[in-house]
Amino acid sequence: MATRETFELARTRLAAGLRELYVAPYRSTFARARRDEEDLFLMMVLAEALGVPNPVSYYTVELLPAVYDRFHDWHRRMGLDRSPLEHISCC
């Protein structure tokens, strides 16, 4: 029984090591892609408030409370010193 447990532990460690070996070079690329996708999502949700016509504004209005927490980080990444919206003052 001890041999089987040792084998399972070695297999788990090997799998974790290989995963790290393959994922490590692309970690920053994945993070950048995730950030860009989140920025696009926030822009689509806030499009109506930013003055851009949004055909799905009826559905995105439900998501506004979920994105208010991340709004400050988003507008800073977009290069805006202050919030572009009058009714959201995070700075």
Side-chain angles (χ1 to χ4, degrees):
M1 204 60 170
T3 306
R4 181 175 174 86
E5 292 171 0
T6 305
F7 176 74
E8 288 296 322
L9 181 62
R11 186 185 66 79
T12 303
R13 286 183 180 171
L14 179 65
L18 288 174
R19 188 177 309 113
E20 186 66 25
L21 177 73
Y22 288 118
V23 170
Y26 305 106
R27 189 171 286 132
S28 65
T29 305
F30 292 148
R32 189 176 326 112
R34 183 174 44 245
R35 188 179 62 235
D36 290 346
E37 186 175 310
E38 182 176 329
D39 288 344
L40 178 63
F41 171 73
L42 283 171
M43 189 180 75
M44 290 305 297
V45 170
L46 297 168
E48 188 75 26
L50 292 170
V52 178
N54 187 357
V56 293
S57 63
Y58 177 76
Y59 300 107
T60 58
V61 77
E62 296 175 358
L63 299 171
L64 285 175
V67 299
Y68 281 143
D69 297 337
R70 299 182 305 217
F71 181 73
H72 178 71
D73 295 332
W74 175 76
H75 82 76
R76 298 295 288 184
R77 276 197 311 273
M78 295 296 112
L80 303 170
D81 292 334
R82 295 273 182 216
S83 171
L85 307 175
E86 290 117 20
H87 63 281
I88 302 176
S89 59
C90 60
C91 301

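Only a predicted model underlies this, so the values are computations on that prediction, with no experimental measurement involved.
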Checklist entry - Quick one: do L14 and L21 end up in the same hydrophobic cluster if we chain Ile, Leu, Val, Met, Phe, Trp and Tyr together by side-chain heavy atoms under 4.5 Å apart? => result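 Yes, L14 connects to L21 through the hydrophobic network.
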Next on the checklist: Tell me whether W74 shares a hydrophobic cluster with L40, the cluster being built from Ile, Leu, Val, Met, Phe, Trp, Tyr side chains joined at under 4.5 Å.
Outcome noted: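 W74 clusters together with L40.
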Next on the checklist: Could you measure the distance from the CG atom of D39 to the CZ atom of R77? Nearest 0.5 Å is fine.
Outcome noted: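 CZ of R77 is found 4.0 Å from CG of D39.
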Next on the checklist: If you count every heavy atom of other residues, nucleotides or ligands that lies below 6.0 Å from E8 atom CD, does the total exceed 12?
Outcome noted: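 Yes.
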Please set out all donor-acceptor pairs under 3.5 angstrom arising from side-chain atoms of residues 24-35, sequence neighbours excluded.
from: R27; atom 1: NH1; to: E20; atom 2: OE2; distance (Å): 3.4
from: R27; atom 1: NH2; to: E20; atom 2: OE1; distance (Å): 3.2
from: R27; atom 1: NH2; to: E20; atom 2: OE2; distance (Å): 2.8

